[in-house]
Amino acid sequence: MRDPSAQIKQVKGIFSRVAPVYDLLNHVLSLGEDIRWRRFVARALRLGPTGRVLDVATGTGDLALAVAKRPERPLVVGLDLTPAMLGPARRKCAASGARVALLAGDGTLLPFADQSFDAVTCAFGVRNIPDRRQAMAEMGRVLVPGGRVYILEFTTPQSAWVRRVYLRYLRHLLPRVGGLISGDEASYRYLAETIMEFPSPAEFRGEMAAAGLIAARSHALTAGVAWVHVAERPLANIPR
Ligand SMILES: C[S@@+](CC[C@H](N)C(=O)[O-])C[C@H]1O[C@@H](n2cnc3c(N)ncnc32)[C@H](O)[C@@H]1O
């Protein structure tokens with residue numbers, strides 16, 4: 001069991017250190033699949049009356065940018081705990097001319113009024129937030145009724161042989177390659193551990209329900225290495 005405040009400090013430290021090489025490492029370690037995964041979420045996303053989307057734990061902004069490039073041109077707000085990650089995001093958003101607003105903040109305490117967004121996205125972020133339930137409750141609070149949360153996250157695949165290969169990759173290859181490129185093997189060992197500790201899709205849907213979201217479903221990508229979990233804010237408030 002990790003100590004939540006120590007974990008928040010550790011996460012901020014890790015992403016501050018890896019920020020300059022984060023994008024490169026993402027593409028190398030996923031063999032470019034991460035681009036396809038974010039594009040899948042951006043296309044699947046349902047817009048609504050506000051024309052606004054919130055990307056929690058936006059990091060270097062790739063999902064926020066993919067959403068902002070949709071033909072409807074929604075305004076995307078990207079929020080992240082680690083200011084260093086927002087540096088590359090700012091440069092990419094300025095270069096693209098997309099409608100993205102970036103700000104530093106904590107996903108468990110969103111600085112937005114209730115019902116401000118049509119959709120909330122979060123790619124590879126919830127795994128790093130100790131109080132996931134609070135983060136998802138906050139996502140629900142800022143959504144319009146019937147609005148959807150889209151969470152893209154890794155988990156260990158369910159098929160036995162894919163799982164075996166993937167666990168070897170997580171334990172050995174990921175920390176080494178991550179360490180080689182970033183000079184920080186310990187950070188990539190930690191990130192691999194958080195993937196191995198992440199709940200199964202069914203367990204995670206249970207967590208979404210416990211946070212007040214309904215109609216949760218999951219969609220597997222790339223042999224179940226990554227999953228998109230989708231759930232909704234109820235049309236009427238359900239007493240908890
Ligand atoms: C693996 S990166 C994902 C970045 C980006 N969404 C992507 O698709 O590449 C995880 C991000 O979560 C952010 N993060 C961790 N805890 C957070 C929190 N409590 N609130 C907001 N962001 C958080 C980190 O700073 C980091 O940028």
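Atoms within a ligand are numbered from 1 in the order they appear, just like the ligands themselves.
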Quiz item: With atoms numbered from 1 as shown, which atoms in ligand 1 lie under 4.0 angstrom from a non-hydrogen atom of Asn26?
Solution: 9 (O)

Exercise. Output the list of atoms in ligand 1 that are nearer than 4.0 Å to some heavy atom of Val11, sorted by atom number.
Key: 15 (C)

Practice problem: Looking only at non-hydrogen atoms, find the nearest pair between Ala84 and Ala19 and report the distance. | Solution: O-CB, 3.6 Å

Counting heavy atoms only, name the option from [options] that's nearest to [atom].
atom                    : options                       : value
atom 18 (C) of ligand 1 : Asp106, Leu152, Leu191, Leu86 : Asp106
atom 13 (C) of ligand 1 : Leu81, Val41, Asp80           : Asp80
atom 9 (O) of ligand 1  : Phe15, Phe124, Tyr22          : Tyr22

Are [X] and ligand 1 in contact, using a heavy-atom cut-off of under 4.0 Å?
X      : value
Thr108 : no
Gly105 : yes
Thr58  : yes
Arg38  : yes

Quiz item: Using heavy atoms and a threshold below 4.0 Å, how should the contact between Thr82 and ligand 1 be classified: side chain, backbone, both, or neither?
Solution: both

Quiz prompt | Location of contacts on Lys12 toward ligand 1, heavy atoms closer than 4.0 Å | solution = neither

Say whether [X], considering both its backbone and side-chain N or O atoms, lies within less than 3.5 Å of an N or O atom on ligand 1.
X     : result
Val56 : no
Leu79 : no
Ala57 : yes
Thr60 : no

Exercise. Output yes when a side-chain donor or acceptor of Glu33 lies under 3.5 Å from a complementary backbone atom of Ser30, and no otherwise.
Key: no

Quiz item: Counting only N and O atoms by type, is there a donor-acceptor contact under 3.5 Å from the side chain of Arg133 to the main-chain atoms of Ala210?
Solution: yes

Quiz item: Which residue pairs pass the salt bridge (Lys or Arg N to Asp or Glu O under 4.0 Å) test with at least one member in residues 56-65, sequence neighbours excluded?
Solution: Asp62-Lys92

Quiz item: Is Arg168 atom CZ crowded by more than 12 heavy atoms from other residues, nucleotides or ligands, each under 6.0 Å away?
Solution: no

Quiz prompt | Enclosure of Arg39 CZ (heavy-atom neighbours >12, cutoff 6.0 Å) | solution = no

Quiz item: How about Asp23 and Thr60: does a side-chain donor come under 3.5 Å of a side-chain acceptor?
Solution: yes

Practice problem: Could you check whether the rings of Phe124 and Phe154 sit parallel, tilted or perpendicular, using 30° and 60° as the cut-offs? | Solution: parallel

Quiz item: Glu138 versus Thr108: any side-chain heavy-atom pair under 4.5 Å?
Solution: no

Quiz item: Looking at side-chain heavy atoms only, is the closest gap between Tyr188 and Val177 below 4.5 Å?
Solution: no

Quiz item: Quick one: nearest non-hydrogen protein atom to atom 20 (N) of ligand 1, plus distance?
Solution: Gly107 N, 2.8 Å

